Amino acid sequence: MKKLAKRITGKEWGMIVLAILFTCFSVYLELEVPTYISQITELLGTSGTQLGELWSPAAKMIGLSLLAFFSSVMVGFFAARVAASYTTHLRRDVFHRVLDFSQTEIKRFSIPSLLTRTTNDITQVQMLFTMGLQVVTRGPIMAIWAIGKILGKSEYWLWAVVVAVIVNVLMTTVLMTLAFPKQSVIQKLTDKLNSITRESLTGIRVVRAYNAEDYQDKKFEEANTEVTRLNLFVTRLMAIINPIMMAISSGLSLAIYWIGAYIINDANLTDRLPLFSDMVVFMSYAMQVVMGFLLMGALFIVLPRTLVSAGRINQVLDLHSSIENPSQAQTADPSVQGQVEFRDVTFRYSKNSEAVVEHVTFKAEAGQTVAFIGSTGSGKSTLVNLLPRFYDVSDGEILVDGVNVQDYDLEDLRNKVGYIPQKAVLFSGDVKGNLDFGKSKETPLSEAAMWQALELAQSKTFIEDKEAGLASEVAQGGTNFSGGQRQRLAIARALARKPEILIFDDSFSALDYKTDRVLRQELAEKTKSMTKLIVAQRISTIMDADLILVLDQGKVVGQGTHKELLATNEVYQEIAYSQLSKEELEHGK
Ligand SMILES: Nc1ncnc2c1ncn2[C@@H]1O[C@H](COP(=O)(O)OP(=O)(O)OP(=O)(O)O)[C@@H](O)[C@H]1O
């Protein structure tokens, strides 16, 4: 919580102070009311009192109560403002931090957990703020002030209050101790629940096609039952707070009246009325003391879960991306654009795991095409993902235009690259927004540039056919487009940036053979200056590449042109002959 408190802005501190001042004011007013109760009681007990004499204390009492009500409204107003404002920037900070994370950090938390941390956990902090300022600050202020008022009154009455407070504190401590460990388990299980829901919804078609509803249901049910069980446990614990508090305050009233009855009984006749009045006032103050502790107890309903949430939010905020911007970024010689060199690159996903890319060395001059082929899991995607620094190499170095990628400012490096992932990702909005996506040296894109990119990516016709053209809607994940259309739009998005280097991570496999061929021809003609790194499954896609690297279990087992590899490399021959006939391979396709 301390770390989160440091994020409170000056303006928010101002509002917190105002909320506390209004709380003090309202407590002061409420504690003044019993004085008038006492006056009215004495007046009523005195024979010959006229009704008119009661008006003045009664009017003051009503006035004080109205002012106290107004102060409480102001406290609520400031509490809501602070809570909303604080959580808005906290959520923004968490979101920005998450966006900075590399794949390694995202994997460390998992996506569902990051979602829960950005939503549920922050809402929990917001609740503490609202409740804390409205209720919890009021509790101690009221308790301390009211204790001040009753000190010096009858010792027996005081003891009754002390016992009530001790029982109260003991009960809250026991409940807290029982509830706290369960809260962190509940948050973890909520992550799990989110993860199962997310998995089932994204894979809904597979779930249906395999009649796996019952299987997914069972997985969900197990997690759901566990969360429900723990939530019930905690809620039941919290539910007994109220009746116990009521029992404590009723018991205290009973004790005060009982003690009062003895005190008044033993007193002289003349002292009885003032004593009775004292008892009524003491009773009001004692109730305020108990109420003060009761309000503090309310904190303990929210606090355990909020502490767990705060810890989880801090874990995200404290973690810095393993892919960092260099303190002194370098820039490349502008005369070289698009040169890529891998020097003895080795990569492992975690320190102790096996290398998935081993000792890879190759060089692509500006405008050349380098292709990567190999069986599934041979490390092709991993290799190309190292260039835009989605991960950092474990050994060796990658140079772009003669500068190590780790020495570039990340934005500069990524401006040089047009990346088309294996699974095309489109964002909800419209086609325009997806093409003019992010920042690049071409931003903002003109419509003409967008159409040019679409034409090159063989997507012009299907966008033209849509009534809204560039303004056509794109659903979340691009689900209102076919797989091939999504892939072509993703290619158009990369081309529109006019990058120095294009990375196609198996982007051609979703295309039919004809589109694949036309697209490659167009790219060869119109993007001559761009260096292309192509991960592919089909030999036909990469036959014309200047350099082909054959990968097997992360190692380069062959390197050369199609002709050279076909003549000399066994692994390449195996892949090639499994796909095309000898004639097609020797004369190109
Ligand atoms: N995020 C990850 N964490 C840990 N291991 C991974 C991760 N991604 C991939 N791997 C492992 O790295 C190896 C290489 O995977 P990669 O995706 O690079 O292969 P690929 O040749 O591109 O395969 P495909 O052609 O099927 O896409 C595989 O053994 C895979 O299990």
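Position 1 is the first residue of the sequence; numbering continues from there. Read the numbers this way: they start at 1 and go in the same order the structure lists the ligands and their atoms. Source: prediction; values computed, not measured.
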Original post:
Would Asp516 and Thr541 count as having a side-chain donor-acceptor pair, cut-off 3.5 Å?
Top reply: yes

Original post:
Near Tyr391, which atoms of ligand 1 are under 4.0 Å from a heavy atom of that residue?
Top reply: 1 (N)

**OP:** Tell me which protein heavy atom sits closest to atom 3 (N) of ligand 1, plus the residue, atom name and distance to 0.1 Å.
**Re:** Lys107 NZ, 2.9 Å

Original post:
Which heavy atom of the protein is the closest neighbour of atom 17 (O) of ligand 1, given with residue, atom name and distance?
Top reply: Ser381 CB, 3.8 Å

Original post:
Which residue owns the protein heavy atom closest to atom 23 (O) of ligand 1, what's the atom, and how far is it?
Top reply: Gly377 N, 2.9 Å

**OP:** Would you verify that at least one protein heavy atom lies under 4.0 Å from atom 9 (C) of ligand 1, or report that none does?
**Re:** yes

**OP:** Indicate the ring-plane relationship of Phe427 and Phe437, choosing parallel, tilted or perpendicular according to the 30° and 60° boundaries.
**Re:** parallel

Original post:
Should the pair Phe129 and Tyr86 be assigned to parallel (<30°), tilted (30 to 60°) or perpendicular (>60°) ring geometry?
Top reply: tilted

**OP:** Describe, in one word, how the ring planes of Phe504 and Phe508 are oriented to each other, choosing from parallel (under 30°), tilted (30 to 60°) and perpendicular (over 60°).
**Re:** tilted

Subject >> Side chain, backbone, both or neither: the part of Val356 lying under 4.0 Å from ligand 1 by heavy atom >> reply: side chain

Subject >> Nearest neighbour in protein (non-hydrogen) for atom 25 (O) of ligand 1 >> reply: Lys380 NZ, 2.8 Å

Subject >> Ring centre gap for Tyr215 and Tyr210 strictly below 6.0 Å >> reply: no

Original post:
In terms of atom number and element, which parts of ligand 1 are under 4.0 angstrom from non-hydrogen atoms of Gln537?
Top reply: 25 (O)

**OP:** Can you sort out which atoms of ligand 1 are near Gly379, meaning under 4.0 Å from one of its heavy atoms?
**Re:** 14 (C), 18 (O), 19 (O), 20 (P), 21 (O)

Original post:
Nearest protein heavy atom to atom 18 (O) of ligand 1, by residue and atom, and its distance?
Top reply: Thr382 OG1, 2.4 Å

Subject >> Euclidean distance, Arg343 CZ relative to Glu397 CD, rounded to 0.5 Å >> reply: 5.0 Å

Subject >> For Thr376, atoms of ligand 1 separated by under 4.0 Å from a heavy atom >> reply: 23 (O), 25 (O), 26 (O)

Original post:
Cut-off 3.5 Å, side chains only: do Asp100 and Ser321 have a donor facing an acceptor?
Top reply: no

Original post:
If you measure from NZ on Lys219 to CD on Gln216, what distance do you get to the nearest 0.5 Å?
Top reply: 4.5 Å

Subject >> Heavy-atom protein neighbour under 4.0 angstrom from atom 5 (N) of ligand 1 >> reply: yes

Subject >> Residue pair Gln126 / Thr123, side-chain donor-acceptor N/O under 3.5 Å >> reply: no

**OP:** Measure Gln422 to ligand 1 on non-hydrogen atoms and call it side chain, backbone, both or neither using the 4.0 Å cut-off.
**Re:** side chain

Original post:
Tell me, which protein residue and heavy-atom name are nearest atom 11 (C) of ligand 1, and how many Å apart are they?
Top reply: Tyr349 CE1, 3.9 Å

